[in-house]
K.L.:
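Encoded as structure tokens, here's the structure I'll be asking about.
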Amino acid sequence: MSERRKQFPFDTFEPKWQAHWEARKTFSVPNPGEPGFDPARPKYYVLDMFPYPSGAGLHVGHPEGYTATDIITRYKRQRGCNVLHPMGWDAFGLPAEEHARKTGEHPRINTENNVNNFRRQLKRLGFAYDWDREVNTTDPDYVRWTQWIFLQLYHSYVDETTGRARPIAELEARGLSRDEIDARRLAYVAEAPVNWCPDLGTVLANEEVEEWRAKGHAVERRPLKQWMLRITAYAQRLIDELDGLDWPEGIKLLQKNWIGRSEGAEVDFTIGGETVTVFTTRPDTLFGATYMVLAPEHPLVDKITTPEQRDAVEAYRKVCAAKSDLERTELAKEKTGVFTGGTATNPVNGEAIPVWIADYVMMSYGTGAIMAVPAHDERDFEFAKQYGIPVIEVVKAPEGNTDTCFTGNGIAIHSGFLDGLPTPEAKAKIITWLEEKGLGKKTVNFKLRDWLFSRQRYWGEPFPIIWKEGRHEAIADSELPLLAPELDDYKPSGSPEPILSKATAWVDLGNGVTRETNTMPQWAGSCWYYLRYCDARNAERFISSEAEAYWLGKNGNPGGVDLYVGGTEHAVLHLLYARFWHKVLHDLGHVTTPEPFQKLVNQGLILGEDGQKMSKSRGNVVNPDDVVEEYGADALRLYEMFMGPLEQVKPWSMKGVEGVYRFLARVWRLVFETNQEGEWSRRAAVADVEPSKATNKVVHATIKKVGDDIEAMSFNTAIAQMMVCTNELTGLDPVPVRSIDLLLRVLNPFAPHLTEELHAHLAAAFPDAVPAAELASLDWPAYDESCLVEDELEIVIQVNGKVRDKMTVPREATKEQVEAQALARERVQEHTAGLTVRKVIVVPGRLVNVVAN
RNA sequence: GCCGACGUGGCGGAAUGGUAGACGCAGCAGACUUAAAAUCUGCUUUUGGGUUCCCAAAGUGCGGGUUCGAGUCCCGCCGUCGGCACCA
């Protein structure tokens, strides 16, 4: 294919303009106080989710979102904004470490190579990034501030009365003990079960377990000391404060469901002399509780188990302990459990009910204990059937209910003082009753767990923490960044001990003082990179307050970044984690807004030509480098946008790329023609003539539609309109140079190289008609409303809703005139012959519908 | 199972409740050419009828409804994709 002659010389002018922008720093934007900063212009912050620079390089999914934000960037600049549009690298991660493990080479080297390749690929696409603000999460200068933010969390707690983070120093001033303080830090240490994979010599994140197990590696559960971040303290705010954000409703819902708020009550049961608290969302069904279940790990299990049951209970607990949460749910086709021998007393009626342990109850949610109401809970019902436990109906289902186990709202029955009450009232009444008797209270629970923040890897940020006499302690800010030591090799240690523990000289600080050897997860760097871009080279602070206030500051919205574009795969975790960090920084006075991202757009996945997900094994991966080679960067950009709506999943098509390539070639040929030798020269037809009314109409309609469509991020329809405009101009001779230039100006954000090149030629040839300045520095053109209005309008005439005729009427024709004219039409007469006209609907400027029967 | 998104030509897709199929791909025909490619012009939802162009009927996953008028709004299904999955 590459021997085929190029339809326009993109291979020479694309690199030329890229070099021009780079040399001139066209898209660098100064901060307040810096030379060239224009405070009169409004700010606009456009952010891409920064990539992990993998060894495979860019794939065509990357430029989808990047082109969309690039168009917005160039458009907003032309609209007079100071636009911040940066790029960087989420460069910590397991693949670089795996590579280091195999080669013995420091992961930094491989990471740097990959970053260089990604940067080269992105620059080839002509994106308007401010490369002066590039960040890399693995740079010591960046790591320093990631660690600093971690220490902010470490040195903070959440004040329960205000729900805000406060400095830990306040607790010290109040004289709390070290243990009490440590128990309240936002970053704390806990014993947590981890997924240890002996073959890989590493601990895996929950979401990685399945993948490696499928490849035949064993993954075990092991309790290990872990750093946790107290995100649960922000659960309610993370739900509530979604309200002010311009995010897709589906994504908000995803986050809400992930956080999983549920209202209910805690109720105290007694077992012998012990009190066991259960959590339930249906306290109104308390009279229907026929047994109780404790999680197998529940601390009271030992105490209440009778000697006869002890062996069975112990055996069951052992089986459960070996299973991960995943297995526990995955293998749960049938419910299992063991009777403990103990009985609990139902506080509401004094009845004794048996106490079981079962792994369908989890220690990590609620209180790790439930009251089981098999009549009104599917799981309890299933379990009760399995073990022959009685079912007592306490909620009368509405008429017509056929479920054997009714879980909806109804009327309370067999429930003493609750009888006759609808479910919501019954809930309220029983809660009041429980609270009065001191037997329970209203409670809210969240599914969200605290964030397990430590990894046992090398290629991540070390914790800025040392251990003294069994206690953790922060190192001083002045010692940051704390970098991981060089290792002789990056092979696993063979135990769940972090790899860094092999660096004994680094770990051992003498006098029994040692360094923390865990590292932070990849999420850490991506939690705050959007902040660093605002002030990427600041050596004194993670972001200056001036830069923060300007780029992320209040414009009446809670979110700082004006537009954030990225894939749905980050809909929950990344966005939740970043929001959490941002709120902590906000509480502590480091950032002005409560939310990081005001508007979020998720670009849809691009599939292979076969309609399948792109993957190496399927052999359907499209490499952007190849596309640029053959069709140019503008064609790739344009095709990515022309495929369909940005948010939609859509398959790649090389034929489609050729289509937009042909379109760009048509635009080129508006200005240039070629001779036998393949040399390009300006067409004689291009002239500074007055455009016709029809030409003006198309051109100005295009300016209007493209502007509107960019604002709505409906790029595919904007391109369609520019194709219409080009088709119109193609047929003209002479072709008005001013019209061509207007087309170039609206096409510029989409195809910046081609348009700059043509514009430069036209400006040189027609200095009186075409502005000399390059398009990147020209304002977005205004459209002339008067060009859009027609003197005559085409009106569709329907009879009984079916189109039967069309006519043209003067623009100023009245409804009555239009109606009369329509009724007089021959075709209307034919179709209403023998019928009586009952009604005539006239939609001004559009249609007439004659209703007759 | 629960939650969410989406179903329109051969394909990607367009359509403030007002001409369904813009624009592009693929296909067909013509022009240019010794020829091909490229380019340019035209046609292209289906079916039926007259035949350079027009007429009629059907048509936006399926079945109902609201409306003068529904791809669009409402109700009930079916299908595809994504997320969650014993969270009491």
Side-chain angles (χ1 to χ4, degrees), chain A residues 4-5 7 248-254 256-258 260-262 264 278-282 285 293 295 325-326 328-330 332-333 335 358-362 364-373 376-380 382-383 407 445-449 568-569 571-572 602 604-605 607 611 639 642-645 647-660 662-663 665-666 669 673-674 714 716-724 726-727 730-731 794-806 827 830 838-843 845-853:
Chain A
R4 196 167 76 188
R5 198 160 74 191
Q7 290 202 27
E249 284 306 314
I251 300 295
K252 287 189 184 180
L253 202 64
L254 224 55
K256 283 182 191 165
N257 291 343
W258 185 265
R261 181 185 201 273
S262 54
V278 302
F279 174 71
T280 177
T281 54
R282 292 298 298 271
T285 62
V293 186
D325 282 1
L326 202 80
R328 251 163 96 156
T329 58
E330 237 181 23
K333 293 191 183 81
K335 299 242 178 312
D359 67 358
Y360 81 91
V361 173
M362 267 161 289
S364 49
Y365 182 77
T367 60
I370 63 157
M371 63 175 210
V373 185
H376 305 290
D377 182 284
E378 303 269 7
R379 297 149 301 185
D380 297 344
E382 206 183 311
F383 190 84
T407 58
N445 255 310
F446 297 94
K447 276 201 288 190
L448 185 70
R449 312 289 159 83
T568 351
E569 65 272 23
V572 176
N602 289 120
L605 198 67
L607 306 173
Y639 176 63
F642 189 60
M643 292 172 82
E647 302 85 347
Q648 203 163 299
V649 179
K650 42 210 178 283
W652 186 266
S653 157
M654 272 307 175
K655 288 288 186 189
V657 181
E658 277 189 51
V660 293
R662 278 203 283 267
F663 160 64
R666 282 162 73 85
R669 287 197 307 270
E673 61 192 359
T674 182
S714 175
N716 55 329
T717 52
I719 294 167
Q721 178 64 35
M722 291 187 282
M723 287 173 167
V724 169
T726 303
N727 291 345
T730 294
E794 190 186 53
I795 302 290
V796 167
I797 306 170
Q798 299 183 334
V799 177
N800 289 331
K802 286 187 198 252
V803 179
R804 297 300 181 189
D805 202 1
K806 288 167 199 177
R827 306 257 310 126
E830 282 171 28
R838 302 290 176 189
K839 200 171 172 184
V840 179
I841 285 131
V842 180
V843 181
R846 281 215 162 258
L847 63 67
V848 177
N849 189 11
V850 180
V851 183
N853 59 12

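Fair warning: this is a prediction, and the values are worked out from it, not measured in the lab. Numbered from 1 within each chain, the chains take letters A, B, ... in sequence-line order.
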K.L.:
State which of rA15(B), rC86(B), rG24(B) makes the closest approach to the side chain of Thr717(A).
P.N.:
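So the nucleotide nearest the side chain must be rA15(B).
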K.L.:
Any strand is fair game: report the nucleotide pairing with rA29(B) by Watson-Crick or G-U wobble, both distances under 3.5 Å, or none.
P.N.:
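Partner of rA29(B): rU41(B).
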K.L.:
Report which part of the nucleic acid Gln798(A) touches: base, sugar-phosphate, or nothing (heavy-atom distance under 4.0 Å, all strands).
P.N.:
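Result for Gln798(A) = base.
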K.L.:
Out of rG13(B), rC40(B), rA56(B), which nucleotide sits closest to the side chain of Arg666(A)?
P.N.:
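The nucleotide sitting nearest to the side chain is rC40(B).
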K.L.:
Taking only the C1' atom of each, what is the distance from rU67(B) to rC74(B) in whole angstrom?
P.N.:
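Those two atoms are separated by 12 Å.
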K.L.:
Checking base pairs now: Watson-Crick or wobble, both atom distances under 3.5 Å. What partners rU51(B)?
P.N.:
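Per the H-bond distance test, none.
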K.L.:
Tell me: CZ of Phe663(A) to P of rC25(B), nearest whole Å?
P.N.:
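Rounding to the nearest Å, CZ of Phe663(A) and P of rC25(B) are 11 Å apart.
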K.L.:
If each of Asp380(A) and Ala720(A) is mapped to the nucleotide of RNA chain B with the nearest heavy atom, which maps nearer the 5' terminus, i.e. the 5' end?
P.N.:
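In this pair, the answer is Ala720(A).
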K.L.:
Can you tell me the distance, in whole Å, between the CG atom of Asn257(A) and the P atom of rG4(B)?
P.N.:
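Going from CG in Asn257(A) over to P in rG4(B) covers 9 Å.
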K.L.:
If the P atom of rU8(B) is compared with that of rU72(B), how far apart are they to the nearest Å?
P.N.:
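Taking atom P in both rU8(B) and rU72(B), they lie 13 Å apart.
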K.L.:
Strictly by Watson-Crick or wobble contacts shorter than 3.5 Å, is anything paired with rC68(B), and which nucleotide is it?
P.N.:
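rC68(B) is paired, partner rG18(B).
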K.L.:
Go through rA38(B), rC40(B), rA26(B) for me and flag the one nearest to the Arg669(A) side chain.
P.N.:
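From the listed options, rC40(B) comes nearest.
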K.L.:
Give the ring-plane orientation class for Phe383(A) versus Tyr360(A), where under 30° counts as parallel, over 60° as perpendicular and anything between as tilted.
P.N.:
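Ring orientation of Phe383(A) relative to Tyr360(A): tilted.
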K.L.:
Looking only at side-chain N and O atoms, does Arg662(A) come under 4.0 Å of OP1 or OP2 in rC25(B)?
P.N.:
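For Arg662(A), the contact criterion (side-chain N or O under 4.0 Å from OP1 or OP2 of rC25(B)) is met.
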K.L.:
Counting heavy atoms from C-beta on, name the nucleotide in rC68(B), rA88(B), rA22(B) closest to the side chain of Val361(A).
P.N.:
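When the side chain of Val361(A) is considered, rA88(B) is the closest of rC68(B), rA88(B), rA22(B).
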K.L.:
Using a 4.0 Å heavy-atom cut-off, does Arg804(A) contact any base of the nucleic acid, only the sugar-phosphate backbone, or nothing at all?
P.N.:
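Sugar-phosphate only.
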K.L.:
With heavy atoms under 4.0 Å as the rule, sort Gln648(A) into base, sugar-phosphate or nothing.
P.N.:
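Sugar-phosphate, backbone atoms only, no base.
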K.L.:
With rounding to whole Å, what would you report as the distance between rA14(B) and rU60(B) at their C1' atoms?
P.N.:
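Those two atoms are separated by 12 Å.
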K.L.:
I'd like the P distance from rC78(B) over to rG10(B), given in whole Å.
P.N.:
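Between the two P atoms, the distance is 26 Å.
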K.L.:
Nearest to the side chain of Gln7(A) - rC23(B), rA58(B), rU39(B)?
P.N.:
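Nearest nucleotide to the side chain: rU39(B).
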K.L.:
Does the Tyr639(A) side chain pair with the main chain of Glu658(A), one donor and one acceptor, at a distance under 3.5 Å?
P.N.:
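Judged by distance alone, no pair lies under 3.5 Å.
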K.L.:
Tell me what Lys806(A) touches on the nucleic acid: a base, only sugar-phosphate, or nothing, going by heavy atoms under 4.0 Å.
P.N.:
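Since a base atom lies under 4.0 Å of Lys806(A), the category is base.
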K.L.:
Kindly indicate whether the side chain of Lys655(A) and the base of rC11(B) share any N or O donor-acceptor pair separated by less than 3.5 Å?
P.N.:
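Counting by modelled atom types and ignoring angles, no donor-acceptor contact under 3.5 Å is found here.
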K.L.:
Determine the interatomic distance between P on rG30(B) and the same-named atom on rA20(B); round to the nearest Å.
P.N.:
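Each nucleotide's P atom is 33 Å from the other's.
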K.L.:
Looking at the side chain of Asn849(A), which of rG18(B), rC55(B), rC3(B) is the nearest nucleotide?
P.N.:
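Of rG18(B), rC55(B), rC3(B), rG18(B) is nearest to the side chain of Asn849(A).
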K.L.:
Give Asn716(A) one of three labels, base, sugar-phosphate or nothing, depending on what nucleic acid heavy atoms sit under 4.0 Å from its own.
P.N.:
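The answer is sugar-phosphate, as Asn716(A) gets under 4.0 Å only of primed atoms, P, OP1 or OP2.
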K.L.:
Checking all strands, does Leu254(A) fall into the base, sugar-phosphate, or nothing category for heavy-atom contacts under 4.0 angstrom?
P.N.:
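Touches sugar-phosphate only.
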K.L.:
Any base atoms under 4.0 Å from Thr281(A), or only sugar-phosphate, or nothing? Heavy atoms, all strands.
P.N.:
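Counting heavy atoms under 4.0 Å across all strands, the contact made by Thr281(A) is with sugar-phosphate only.
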K.L.:
Contact class for Ser262(A) (heavy atom, under 4.0 Å): base, sugar-phosphate, or nothing?
P.N.:
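Sugar-phosphate, backbone atoms only, no base.
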K.L.:
How is Val724(A) classified with respect to the nucleic acid when contacts are heavy atoms under 4.0 Å: base, sugar-phosphate, or nothing?
P.N.:
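Touches sugar-phosphate only.
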K.L.:
Identify which nucleotide among rC23(B), rG4(B), rG12(B) has an atom closest to any side-chain atom of Leu253(A), counting heavy atoms from C-beta outward.
P.N.:
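Closest of the options to the side chain of Leu253(A): rG4(B).
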K.L.:
What's the CZ-P distance between Phe279(A) and rA88(B), to the nearest Å?
P.N.:
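For the pair Phe279(A) CZ and rA88(B) P, the rounded distance is 6 Å.
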K.L.:
Are Asn727(A) and Arg666(A) close enough that a side-chain donor and a side-chain acceptor fall under 3.5 Å?
P.N.:
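Their side chains do contain a donor-acceptor pair, which is all the 3.5 Å distance test asks for.
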K.L.:
Which part of the nucleic acid, if any, lies within reach of Pro645(A) when heavy atoms closer than 4.0 Å are counted: base, sugar-phosphate only, or nothing?
P.N.:
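Sugar-phosphate only.
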K.L.:
Toward the 5' end of RNA chain B, which comes first, Lys650(A) or Gly260(A), by nearest nucleotide?
P.N.:
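The answer here is Lys650(A).
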K.L.:
NA contact type, Asn727(A), heavy-atom cut-off 4.0 Å: base, sugar-phosphate, or nothing?
P.N.:
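Sugar-phosphate contact only - Asn727(A) comes under 4.0 Å of backbone atoms but never of a base.
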K.L.:
Checking base pairs now: Watson-Crick or wobble, both atom distances under 3.5 Å. What partners rG4(B)?
P.N.:
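Partner of rG4(B): rC81(B).
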K.L.:
When you compare rG24(B) with rG9(B), how far apart are their C1' atoms, in angstrom units rounded to a whole number?
P.N.:
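After rounding to an integer number of Å, I get 14 Å for this pair.
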K.L.:
Of the listed nucleotides (rC23(B), rG18(B), rU19(B)), which one gets closest to any side-chain atom of Met723(A)?
P.N.:
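Side chain of Met723(A) sits closest to rC23(B).
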K.L.:
Going by an N to O cut-off under 4.0 Å, is there a salt bridge joining Glu794(A) and Lys806(A)?
P.N.:
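No.
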